[in-house]
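This report concerns only the one structure given below.
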Amino acid sequence: MSDTVLSIRELSVEIPTHTGIVKPVDGVSYDICAGEILGIVGESGAGKSMAGNAVIGLLSPPAHIAAGEIWLNGSRIDALEGEDMRRLRGKQIGMVFQDPLTSLNPLLSIGDQLTETMLTHLDISRGEADRRAIAALEEVGIPGAAERIDSYPHEFSGGMRQRVVIALALCAEPSLIIADEPTTALDVSVQAQIIALLKRLCRDRGTAVMLITHDMGVIAEAADRVGVMYAGRLVELGAVRDVLTAPQHPYTHGLMASTPLASQGKARLHQIEGAMPRLNKVPEGCPFHPRCAYARDKCRVAPGPKIADGRTACWFPLVAEKAS
Amino acid sequence: MALISVKALTRVFDASKPWLNRVIERRGKSFLTAVSDVDFEVAERSTYALVGESGSGKSTIGRMLVGLLTPTSGTVEINGVNLATETDARKIDVIRSDIQMIFQDPFASLNPRWRVGDIIVEPVVARGGDASGLAEKLLEQVGLSALDAGKFPHEFSGGQRQRICIARALSSEPKLIVCDEPTSALDVSVQAQVLNLMSDLKDNYGLTYVLISHDLTVVQHMADRIGVLYLGRLVEEASPEDLFARTKHPYTKMLLEAAPRMDGFGREAELPEGEIPDPINPPTGCAFHPRCPISTDICRTERPPMRSLNKTRVACHLAEE
């Protein structure tokens, strides 16, 4: 791939606990290109947020990167610390979190928050920053941006706050945005607006996006490619249409089948028996094998194949007719 | 026969600032109308779903159905008994044990200091009933093990806790269970397990569900009849087939268009205009008119009455068959 922005290689995150080391992220590799939206989907505890936090250096100790490499625009960033990491954050990587109220400072007006970010990371004058702050708010669709620049976060609705957070993430013109469940706290109608906004802005600027969510519908509409995570591992990675319409990993297939669909009416939902293992009890071999209907002996001893060129980390990928 | 009959149900909350602030700022009281003039009926052994975005009043209606809140005006009758005005204590007692509720957050709705077995039989014990062996039987009904009765809630995952909540709701042998976002806190695969369990139990026990949800796909899967709420008002009521295929109200259309679709690859949805207005000062006339693509003068001045079009009920001046 030509213009790869982010490249993660065999990333593992470990948390030492008094009962042993747990691995919320275990040997995950993927790339994101400029202007591309990569969806990362999985259930709670699958390690999807942890992988995002590792990229931006927000792992809270004792969690730490135990192995692997993270490359951003050709330079390695997983070992950066302190001031170097702080420069990178905000400047090269923007972050959009789930709850817009906790990611804004309640004591600063949104104008101050935007100009502060720009003055820290860009070499521009105060007046220029003010001007760009208004332009940024207009771009994310806040009506009357010039008047509202001195408003405080509590004066905005949830959807408007998330727009401000997106403006804040984009104002230093980063090459990568990590959006961690950006619409989970929002209503359906506002969610559609925010997703469309994120898509439009990133396409126009060529910003790469890592979109972390549990909502398959959001992934289908927004992402170009999708990675499915289960118990800390990436189990399937591919173009969104391929993965969602013809899943090759039994877990992806089960996840798709258990989502209620308009077309299936009142038919019983497909169930994946059991639950995702706790991180301190991830089974040997393929982590999904105890719940997998197609598991064979090999799955119980050998962890799935690496996703390098292939699509899935399954020894016996589902072929199209079995998956339908 | 209708098990629940709701007529002109209205609930107003006092959202005023404290009196001293009102004096200093020279402001009057302000009131929030959470539910405004809602009518519907729920047939026995059916599933009635209330859908709407936040602030639409769906949870407030649920709370009034079970008697956790009293209506400001209007009535809720369950089996012909109005819990808010009924004076016969025996009748109230019977109806109360017929109603149970399942809440959204299975971490907040179970007492962490009680054993699961005690939690489940509480509705029976509180009425002085015999509960021996009941917890074990119910735990197996909801797909857990009888041995789990001796455990504490923290030993279970979210989906298992929601099963415990369901077992507790079943213990008093209710006719009606009000489910307030029962699967919103759960992952997709766990949600499927809980929804399947709810369907099975409905058939086995002859239950009636009132399902409160914001998730259109869940509602479509579960409900026999769906009521769509906007800003405390019922805007459309129909069977799932009619609601999704022959949508009448522009708000419902907007909601369906905006919901992300599993097959909507790269779809550029028609984006909804604006956001939900402030419920303290709702728009005049039809509450949806500022966001409505087809609104006319009458929509700005007159609140649309509920009309029946075929088998759909809709509150829109402009809706046609």
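Heavy-atom basis, side chains included; hydrogens, waters and symmetry copies ignored.
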Is the side chain of [X] donor-acceptor paired with the backbone N or O of [Y] at a distance under 3.5 Å, no angle test?
| X | Y | answer |
| --- | --- | --- |
| B:Gln193 | A:Ile272 | yes |
| A:Gln271 | B:Ser189 | no |
| B:Asp187 | A:Glu43 | no |

Considering only heavy atoms, which portion of B:Ser54 lies under 4.5 Å from any heavy atom of chain A: side chain, backbone, both, or neither?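 For B:Ser54, heavy atoms of backbone and side chain both lie under 4.5 Å from chain A.
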Given a strict heavy-atom distance threshold of 4.5 Å, which part of B:Leu186 is in contact with chain A: side chain, backbone, both, or neither?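 Contact with chain A involves no heavy atom of B:Leu186 at all.
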Counting only heavy atoms closer than 4.5 Å, note whether A:Asp224 contacts chain B via side chain, backbone, both or neither.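 For A:Asp224, no heavy atom lies under 4.5 Å from chain B.
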With a 4.5 angstrom heavy-atom cut-off, which part of A:Met276 approaches chain B: side chain, backbone, both or neither?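 Answer is neither: A:Met276 stays 4.5 Å or more from chain B.
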Could you walk me through whether A:Asp187 and B:Ile276 pass side-chain contact (heavy atoms from CB on, under 4.5 Å), step by step? CA-CA 9 Å; A:Asp187 281 314; B:Ile276 301 167; 3.7 Å; yes
Check whether more than 12 heavy atoms from other residues, nucleotides or ligands sit under 6.0 Å from atom CZ of A:Arg148, and answer yes or no.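 Enclosed.
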CZ of A:Arg278: more than 12 outside heavy atoms within 6.0 angstrom?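 Result for CZ/A:Arg278: open.
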Closest heavy-atom contact between A:Thr259 and B:Val188?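 Answer, listing the atom of A:Thr259 first, then B:Val188: OG1-CG1, 3.3 Å.
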Please report the shortest heavy-atom distance between A:Glu221 and B:Pro260, naming the atom on each side.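 For A:Glu221 versus B:Pro260, the nearest heavy atoms are OE2-CA, 3.4 Å.
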When rounded to the nearest 0.5 angstrom, what is the spacing between CG in A:Leu269 and CG in B:Asn196?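 Nearest 0.5 Å value for the CG-CG distance: 5.0 Å.
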Interatomic distance, B:Thr217 atom OG1 to A:Met216 atom CE [nearest 0.5 angstrom]: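 Reported to 0.5 Å precision, the distance equals 13.0 Å.
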A:Arg200, A:Lys199, A:Met256, A:His214: which one forms the most heavy-atom pairs within less than 4.5 Å of chain B?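 So the answer, after comparing A:Arg200, A:Lys199, A:Met256, A:His214, is A:Lys199.
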Largest heavy-atom contact set with chain A, pairs under 4.5 Å, which of B:Asp278, B:Asp200, B:Val190: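 Going by pairs under 4.5 Å, I would pick B:Asp200.
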Given the rule in the side-chain contact (heavy atoms from CB on, under 4.5 Å) test, do B:Met262 and A:Ile219 qualify, once you have shown the distances and angles that lead to the verdict? CA-CA 8 Å; B:Met262 301 275 278; A:Ile219 292 281; over 6 Å; no
